[in-house]
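First the proteins, then the strands, lettered A, B, ... as listed; each starts at 1.
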Amino acid sequence: MHIWQYILKRIVSIIPVLIGVTMLTFFLSHIIPGDPITLALGPTATKEQKAAFHKKMGMDKPLIIQYGIYLNQVLHGDLGVSLRTKGAVLEDLLAYFPATLELTIGAMIVCIFFGIYLGTISAVKKDKPVDHAVRVFSLIGVSMPIFWLGFMLLILFYGIFPILPGGGRLSSFVARPTPITGLYLLDSLLTGNWVAFKDSLWHIILPTFTLGFCYIALISRMTRSSMLEVLHQNYIRTAKTKGLSEKGVIRYHALRNSLIPVVTAGGILFAQLMSGTILTEITFSWPGIGLYAQQSIMYLDYNAIMGFVIVVALIYAVVNLVIDILYLIIDPRIKLH
Amino acid sequence: MWKEDVKPVLKEMRYSLHMIRQSPLTMIGIGIFLGIILVAIFAPYIAPYDPNEINPPALLQPPSQQHFFGTDEAGRDIFSRIVYGSRISLKAGFTITIIAMIVGSIIGIISAYVGGVLDSILMRIADIFLSFPWIVMAMAITAVLGRGITNTVIALSIVWWPIYARLIRSQALSIREMPYIEAIKALGASRLRRIFIHIFPNCMAPVLVQASLDVGGAIMWCAALSFIGLGAQPPAPEWGAMITIGSHYLRESWWYATFPGIMILVVVLGFNLLGDGLRDILDPNLRR
């Protein structure tokens with residue numbers, strides 16, 4: 001099979017997942033016992049106003065037709081209007097998304113770098129004190145509630161030693177950098193706005209580290225076990241007998257091959273990272289889509305919740321696709337089927 | 001006669017005990033596991049105060065002889081609340097895992113045995129659940145059902161079963177091809193008998209390992225949903241909810257958010273160690 005055919009097949013396989021997800025959340029959110037209309041219009045609204053609103057939102061039609069209408073809108077990029085912000089859900093999500101992206105990229109850099117580094121050391125020095133230390137560290141990392149870690153860091157670096165800010169993306173006295181990508185760090189760098197750059201850097205340190213920390217543990221565990229397997233392979237022995245140094249063997253022969261399972265698990269990892277991102281955003285009042293979703297849930301804002309779920313599903317599907325393709329590039333031994 | 005039958009079983013058990021003793025981390029895991037169950041059972045005897053007793057003169061007191069972990073914004077003793085909170089968390093963790101295990105096992109076995117269209121439909125549904133950040137799904141479901149610990153448990157059970165369905169299905173499919181199943185078939189065992197007496201029990205080892213890891217995970221995600229504001233509602237002494245309120249007093253009362261989190265960390269760590277240990281003990285490749 002040609003690589004393009006494979007990619008096409010993978011793209012097509014996303015469709016049933018997206019339909020399933022939208023159906024599930026749509027039907028779920030229409031058996032809600034709460035009363036979103038009163039919430040949206042306020043307790044003073046008259047019966048007529050409520051009825052008009054009911055009709056305007058299409059709530060008087062049968063569920064299956066409402067779903068059909070909704071799906072049609074989604075396909076045209078219309079995720080409906082948020083009951084809470086009164087804005088289009090898609091625009092809201094797009095406005096909140098760069099913050100999430102910035103946080104996730106930061107955390108991924110942190111956890112991939114430290115995770116692979118620690119996992120490799122742990123495998124090479126198997127059963128030595130370093131290995132035990134790394135393993136205990138990753139066990140604790142896996143068992144720790146991420147939001148609690150965030151609060152502990154805030155107590156330390158905001159409460160006791162007031163070095164870092166207590167939340168948000170920018171201090172209130174700093175003007176936003178001119179938006180180009182929406183990522184404050186990148187935008188301020190591109191426009192040469194050093195004040196904003198420094199301020200947003202200070203703000204992103206704690207959330208990134210918090211989010212990254214719990215996943216360093218996961219990556220280092222995976223890297224360790226796959227590295228151990230690779231180190232037993234014949235080609236490693238050959239490389240050693242050729243007289244290559246220990247470092248050379250690891251860098252040129254072992255590391256690349258040991259990363260294959262880590263990349264494969266990247267999809268699961270990313271899903272977990274998304275979960276962690278939501279919790280981290282709430283912890284640090286980081287204005288990303290996770291915080292937006294939490295606020296929408298508190299308000300029973302179905303359109304926003306559904307929009308959020310669909311956007312997450314889409315991001316997730318695309319990332320998995322990219323990971324599958326990366327997998328093919330890293331390991332040419334994989335057969336397409 | 002029966003002695004001869006029991007002998008190999010006893011030998012296996014003695015060997016398992018030996019393996020447990022060899023692994024200090026597993027011992028720690030078992031210790032935490034038994035410890036937290038005892039704390040939950042004997043909560044009224046361990047906690048020095050009523051967890052909901054309001055004591056206005058003693059608001060936000062730091063840890064002291066009277067209040068080991070300090071007091072909260074209503075003067076309630078945080079140590080007592082954490083002790084009682086273990087009941088909520090353990091009950092939730094076990095309920096979610098057991099529901100997920102039962103539902104997932106039934107679906108997995110049906111899928112493996114019926115096969116065909118039903119199998120692909122069930123596994124497609126499982127894939128949809130698995131191919132999605134489950135906290136997002138759990139958030140949406142809890143939002144629909146309404147806030148509260150019961151609905152959190154329902155939501156997490158709904159998103160949790162596919163793991164077991166997949167696990168049991170793949171186990172059952174590989175066991176089905178084993179020679180001893182063929183032998184029992186030749187002896188005339190019915191299909192149901194083969195499934196429930198011969199295949200199902202042999203699928204259980206990885207399921208038990210997964211379950212012991214999942215109790216910890218379920219406790220953690222319950223706390224997370226409570227933290228978001230969807231799970232247990234204050235003044236229930238749930239650990240995640242306590243951290244949320246404690247976070248409003250981070251700068252002046254560090255102990256409030258700190259201790260419930262340490263408790264979650266210790267309990268989840270215990271279940272993780274237990275699961276890792278069980279995996280090593282039950283894995284036939286590592287035995288002898």
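Looking at A:Ser296, there are no atoms closer than 4.5 Å to chain B (heavy atoms on both sides), in backbone or side chain. At a 4.5 Å heavy-atom cutoff, the contact between A:Ile278 and chain B is made by side-chain atoms alone. Looking at A:Ile146, there are no atoms closer than 4.5 Å to chain B (heavy atoms on both sides), in backbone or side chain. In this structure, chain B has heavy atoms under 4.5 Å from both the backbone and the side chain of A:Val142. For A:Phe308, the part sitting under 4.5 Å from any heavy atom of chain B is the side chain, from C-beta outward, and nothing else. Contacts between A:Met152 and chain B at a heavy-atom distance below 4.5 Å involve the side chain alone, from C-beta outward.
In this structure, A:Leu139 and B:Leu273 approach most closely via the heavy-atom pair CD1-CD2, 3.4 Å. Minimum heavy-atom separation, A:Val309 to B:Ala140: CG2-CB, 4.4 Å.
Counting heavy atoms from C-beta outward, A:Ile297 and B:Met139 have side chains that approach closer than 4.5 Å. The side-chain heavy atoms of B:Trp221 and A:Ser275, taken from C-beta on, include a pair separated by under 4.5 Å. When side chains are defined from C-beta on, B:Ile264 does not count as touching A:Trp148, because their heavy atoms never get closer than 4.5 Å.
Residues of residues 250-263 of chain B lying under 4.5 angstrom from chain A, judged on non-hydrogen atoms, are B:Leu250, B:Arg251, B:Trp254, B:Ala257, B:Thr258, B:Gly261, B:Ile262 in numerical order.
When each of B:Gly229, B:Ala224, B:Ala138 is checked for heavy-atom pairs under 4.5 Å with chain A, B:Ala224 comes out on top. When B:Phe129, B:Phe227, B:Phe271 are compared by the number of non-hydrogen pairs under 4.5 Å with chain A, B:Phe227 comes out ahead.
For B:Glu73, the CD atom sits in a packed shell: over 12 heavy atoms of surrounding residues, nucleotides or ligands are nearer than 6.0 Å.
A distance of 8.0 Å separates CE in B:Met220 from CZ in A:Phe147, rounded to the nearest 0.5 Å. Expressed to the nearest 0.5 Å, how far CE of A:Met274 lies from CD1 of B:Ile135 amounts to 11.5 Å.
Classification of A:Arg221 and B:Asp276 as a salt-bridged pair holds, one side-chain N sitting under 4.0 Å from a carboxylate O.
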